[in-house]
Structures are given as C-alpha cells and as structure tokens.
Amino acid sequence: MYKQFILLVLATFFMAPAHGQNPKRLLRSEVGFRLSFPVVYEHLPEAKYQPILVQGYMSWHLGATHGLDNKKGHFMAYIEPQVNPVLLSGRLSDLELGCNGGIRYQMQLNANNQLYWAVGTGPHYITVRTRTQHRGYIFSDNFIMGWQHALGERLRGNIQYHFRHISNAGIMRPNQGIDNHFVSLGVLRQLR
C-alpha cells in the first residue's frame, strides 16, 4: 500500500499537463513531495533512531519578480508538512508529526540546473520513549543543501543533503536532542 501511494503521487506530477507560457528561468512558486532517508543515525540508549521523512512541500519567491530572470539567484520561503514513520534499529515503532518552515536561497547554474541552501525550523510531535529526550512537543531545526534539475517545462527533480536536530528548547527534561543526517529525493512542480 505504501509503495502504491508513492507511485501514485509521483505519477501525478509526471503526467499532469503543463499549461501557460514558456517557463521562466527561475521558479516563482512550487509544490512537491519529498522522501528523506537517514544516512547517519542518532544512537539512543535504547536503539538507533531512524526516521523516514515523508514531506509535502510548498515554496514561493520572496520579493519583487520584475527582472528576476536576469538574476543568478533569489530567496524563497517554504513550508514542509510531514508525517514521518520512525524505525528503532530497523523496526517500525514510532511516529513524528510536524511542519517546518524556512528560507531557501536558490542559485541558477544553467537553464536546467539550480543549487540551493536552506535553513528552517518548526513544531513537531514525537512518540519515541527514550531516557535522553522527552516525548511529545519538540522543535525541528534543519540545514539543507540541494540540487534541482528540470525534468520538463514545469517539473523539477530534486536531491538534497539534510541535517536535522530535534529538541524541545529546554521546555521539558530530558532534552539532549536527536540528530540525523538525510539524503532526500523529491519532485517539484512550478505553479503559475
């Protein structure tokens, strides 16, 4: 069922018709879907913490768009709602829910390729029970760098490195935080 859902979402982006004029060189706003897989895990006393981030994505250009196509780069704001299954030492056992928001700087390399860097944070809820981090409300701090490649007129493929630290800012104890490094794959569709 999970694989079928992923395939359905990806097919929607690839098969959706593209409307409008010729694409602009830099994206104005976009929506998408991203999966992030942990490559470096936090070793909790109980087990390795291995979340799989299942993220929606929406971003929009910050500032005036007049003359944007003549610029090498620009800033965008983004939000990422997510529901993340969590594996503890390879066994599905917990869940994270939340939404990140942040700022992304996107730099045009050529007509089809862009690099970007982003920072963000957002509220989350975690269900894991561990001696090092309080269960429940938490903040997710994110540092990201990635690459986008044009797959069509308004469709972009995306790969990124993603470092994430979650903790509750000392609101509850214990609060040692949980860190993970991810590789993310996604598809984004430019909006009008």
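Predicted model, so just to flag it, every value in this text is computed and none were measured.
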**Q** Is there a side-chain contact between Pro51 and Arg164, using heavy atoms and a 4.5 Å cut-off?
**A**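 Heavy-atom side-chain distance check passes, below 4.5 Å.
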**Q** Hydrophobic cluster membership, with links at side-chain heavy-atom distances under 4.5 Å among I/L/V/M/F/W/Y: are Phe163 and Leu44 in one?
**A**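 Per the 4.5 Å side-chain linkage, Phe163 and Leu44 are not co-clustered.
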**Q** Taking Thr121 for its side chain and Ser140 for its backbone only, find out whether a donor-acceptor pair lies under 3.5 Å.
**A**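 Checked: pair present.
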**Q** Between Tyr49 and Tyr41, does the ring centroid distance fall short of 6.0 Å?
**A**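 Judged by ring-centre distance (under 6.0 Å), Tyr49 and Tyr41 do not meet the cut-off.
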**Q** If two hydrophobic side chains count as joined below 4.5 Å and joins carry through other members, does Met172 share a cluster with Ile166?
**A**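 Cluster IDs for Met172 and Ile166 differ.
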**Q** Using the test ring-ring contact (aromatic ring centres under 6.0 Å, His included), find all partners of Phe182 that sit at least two apart in sequence or belong to another chain.
**A**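 His162.
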**Q** Are Ser93 and Val86 close enough that some pair of their side-chain heavy atoms sits under 4.5 Å apart?
**A**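 The answer is no; the side chains never approach within 4.5 Å.
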**Q** Is the closest side-chain heavy-atom distance between Val39 and Phe37 below 4.5 Å?
**A**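 No, their side chains stay 4.5 Å or more apart.
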**Q** In Å, rounded to the nearest 0.5 Å, how long is the span from CD of Gln108 to NZ of Lys72?
**A**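 Gln108 atom CD to Lys72 atom NZ measures 8.0 Å (nearest 0.5 Å).
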**Q** Decide ring-ring contact (aromatic ring centres under 6.0 Å, His included) for Tyr125 and Tyr137; before the verdict, give the C-alpha distance in whole Å, the side-chain angles of both, and the deciding distance to 0.1 Å.
**A** CA-CA 5 Å; Tyr125 186 89; Tyr137 182 72; 8.4 Å; no
**Q** Are Tyr161 and Leu185 connected, step by step, through hydrophobic side chains (Ile, Leu, Val, Met, Phe, Trp, Tyr) whose heavy atoms are closer than 4.5 Å?
**A**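 They do share one cluster, since a chain of ILVMFWY contacts under 4.5 Å joins Tyr161 to Leu185.
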**Q** Checking side chain to side chain donor-acceptor pair (under 3.5 Å) for the pair Glu30/Gln190: CA distance, chi angles, key distance, verdict?
**A** CA-CA 4 Å; Glu30 58 197 8; Gln190 181 181 0; over 6 Å; no
**Q** Could you walk me through whether His74 and Gln106 pass the side-chain contact (heavy atoms from CB on, under 4.5 Å) test, one step at a time?
**A** CA-CA 6 Å; His74 66 283; Gln106 189 164 299; 3.8 Å; yes
**Q** Look at atom CZ of Arg129 and say whether more than 12 heavy atoms of other residues, nucleotides or ligands are closer to it than 6.0 Å.
**A**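 Not buried by this count: 12 neighbours or fewer within 6.0 Å.
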**Q** side-chain contact (heavy atoms from CB on, under 4.5 Å), that's the test. Do Leu53 and Glu96 meet it? Break it down for me.
**A** CA-CA 9 Å; Leu53 309 185; Glu96 300 176 351; 4.1 Å; yes
**Q** Mind checking the CG-OG1 spacing from Leu95 to Thr127? Nearest 0.5 Å is all I need.
**A**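 Interatomic distance, Leu95 CG to Thr127 OG1, rounded to 0.5 Å: 5.5 Å.
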**Q** Parallel, tilted or perpendicular: which fits the ring planes of Tyr78 and Tyr57, with parallel below 30° and perpendicular above 60°?
**A**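 Tyr78 and Tyr57: parallel rings.
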**Q** Answer yes or no: does atom CE of Met145 have more than 12 heavy-atom neighbours from other residues, nucleotides or ligands under 6.0 Å?
**A**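 Check fails, neighbour count at 12 or below.
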**Q** Please tell me if the side chains of Pro174 and Thr132 come closer than 4.5 Å, counting only heavy atoms from C-beta onward.
**A**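 Contact flag for Pro174/Thr132 side chains = no.
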**Q** Look at the rings of Trp147 and His149 and say which category their plane angle falls in: under 30° parallel, 30 to 60° tilted, over 60° perpendicular.
**A**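 Correct class here is tilted.
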**Q** Please answer whether the main-chain N or O of Val54 pairs with a side-chain N or O of Asn84 as donor and acceptor at a distance below 3.5 Å.
**A**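 Confirmed, Asn84 side chain pairs with Val54 backbone.
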**Q** Indicate yes or no: at least one non-hydrogen side-chain atom of Phe139 is less than 4.5 angstrom from one of Ile171.
**A**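 Sidechains of Ile171 and Phe139: in contact.
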**Q** Any chance the side chains of Gln133 and Ser167 put a donor and an acceptor closer than 3.5 Å?
**A**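 On atom types as modelled, these side chains do not qualify, holding no pair under 3.5 Å.
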**Q** What do the steps show when you test Asn158 against Tyr116 for side chain to side chain donor-acceptor pair (under 3.5 Å), and what is the final call?
**A** CA-CA 10 Å; Asn158 177 295; Tyr116 63 89; 2.9 Å; yes
**Q** Could you go through Arg34 and Leu188, starting from their C-alpha distance and side-chain angles, then the distance that decides it, and tell me whether this counts as side-chain contact (heavy atoms from CB on, under 4.5 Å)?
**A** CA-CA 9 Å; Arg34 185 176 294 128; Leu188 305 169; 4.2 Å; yes
**Q** Are Ile79 and Leu191 connected, step by step, through hydrophobic side chains (Ile, Leu, Val, Met, Phe, Trp, Tyr) whose heavy atoms are closer than 4.5 Å?
**A**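 Yes, Ile79 and Leu191 fall within the same hydrophobic cluster.
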**Q** Would you say Leu88 ends up clustered with Leu97 if hydrophobic residues are merged whenever their side chains have heavy atoms under 4.5 Å apart, either directly or through other cluster members?
**A**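 No, Leu97 and Leu88 fall in different hydrophobic clusters.
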**Q** Taking the side chain as every heavy atom from C-beta outward, state whether Ser36 and Gln55 have any pair of such atoms under 4.5 Å apart.
**A**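 Answer yes - side chains close enough.
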**Q** Just by distance, do the side chain of Arg156 and the backbone of Gln148 share a donor-acceptor pair under 3.5 Å?
**A**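 The answer is no, because no donor-acceptor pair under 3.5 Å joins these two groups.
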**Q** So if I apply the side chain to side chain contact (heavy atoms under 4.5 Å, CB included) rule between His165 and each of Asn142, Ile178, Asn180, Asp179, which one comes out positive?
**A**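 Only one option passes, and that is Asp179.
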**Q** Could you check whether any side-chain N or O of Glu46 sits under 3.5 Å from a backbone N or O of Arg131, counting only pairs where one atom can act as donor and the other as acceptor?
**A**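 Flag set: sc Glu46 to bb Arg131 pair under 3.5 Å.
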**Q** Is any side-chain heavy atom of Arg104 closer than 4.5 Å to one of Val119?
**A**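 No, their side chains stay 4.5 Å or more apart.
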